[in-house]
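Report on the following structure.
Model, not experiment: these values are computed from the prediction. Remember, it's 1-based here, ligands and their atoms both numbered in the order they're listed. Count residues from 1 along the sequence.
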Amino acid sequence: MEPSATSMYALIEELFPICRSITGDGVRETLRIVGKHLPLDVVEVPSGTPAYDWSVPKEWNVRDAAVIGPDGSRVIDFRASNLHLMSYSVPVSARMTLDELRPHLYTLPEQPDLIPYRTSYYTERWGFCLSQRQLDALPDGEYEIFIDSTLEDGALTYGECVLPGAEPDEVLLTCHVCHPSLANDNLSGIAVLTWLGRWLAQRDRRFTYRLLFIPGTIGSLTWLSRNEDVAGRIIHGSTIAGVGDRGHLTWKRSRRGNALIDRTMIKVLGDRDESFAVQDFSPYGYDERQFGSPGFDLPVGCLMRSPHNTYPEYHTSADNLDFVSPAALADTLGLLETVVEALEADRRYRNLSPKGEPQLGKRGLYPSIGGRTAQVEQMAMLWVLNGSDGTRSLLDIAEWSGMPVAALHAAAQRLSETDLLEAL
Ligand code: ZN
């Protein structure tokens, strides 16, 4: 197992117990831990700050919550799983019968062993989530309800890491940090983006990379409303969500449909042996729908493994540490690294000896040993030379030839060291 696979999984294990929501100390603690691995600016935006048609909500924090049964035991216990409490539940201290309590209880009758994940960010109410089996076992009688939470003016917290490049054009990579103990839906994205950031920080960068660790929806709206000047510099982007499960990778296209990020992602996915899926854009899903709102129309798609809402573990207690695998995390990270390399490598070249095929042999470029690798190297050089009439980029040539972007890039680098090719 690669070291990054183990490290990403360990980060998920560390973050898993924290009770996160769209605001609050759980997000701050999460960003503090991510900040041990990556230089992160933590930004606090006060409650009530407008963000287009929205505004930053009150900050929610919770210390404890439980439903105490007629026998005095904590029959529904926030300490056992933070999924038991509906996110943004207002403070409560009350006694009531089971029938009075029922409208505040949420279960999944078709998945009777699982706890659902429920939120109520924009309507002030309270609720508990539990398995259907747990509910069925509750006896009649009087119950004590207590939710030791606060919902007051505070701030929305997000993390931002900017890694400057040689060019001002930016690549935006984001994940959401607002889900509590759910391993695939948000922790996998946090782990992969953190390790991608570490990798980016160590390499030469042509573009500037901006990594956002933000609460879903309100986080991207808040960020966009404060960074419209930055948004204008974004030339490629992806949200990263649900990338630790064992399903194959899925690319959801940006609103533009065939932006360079869409073409690069699909080409690099196709260069691998693993199966993958491509979805068209839709104004639903993760924060690509905010970056892809018509007022921005940024080239930002979404990288997932199993798409949200299509797997039975989604938004339930079954999205746990067993549901994500170190190998899947490493595979996603590897894909993203290859995509970054392809984006950075994409440029046009000019063949300086365009009349007839130049002699590779007399320049020491003709492989002296045969075999499959040598054949790929030779074909890549012939494609780069033939395709480089000054109008086609490496990605154009990769799509045209069917050859991997990485092989063409290596060929272009080799040829650029001779009198045959110049970068434009
Ligand atoms: Zn979710």
**Report entry** His315 atom (N/O/S) at minimal separation from the Zn ion (ligand 1)
**Finding:** NE2

Query raised in the report: If you check every N/O/S atom of Asp185, which is the one nearest the Zn ion (ligand 1)?
Result: OD2

Requested in this report: Give a yes or no on whether His308 keeps an N, O or S atom under 2.8 Å from the Zn ion (ligand 1).
Outcome: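 No, outside the cut-off.
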
Donor-acceptor check, side chain of [X] to backbone of [Y], threshold 3.5 angstrom: yes or no?
{"X": "Trp60", "Y": "Ser89", "value": "yes"}
{"X": "Lys252", "Y": "Ser282", "value": "yes"}
{"X": "Glu344", "Y": "Arg206", "value": "yes"}
{"X": "Ser21", "Y": "Ser87", "value": "no"}

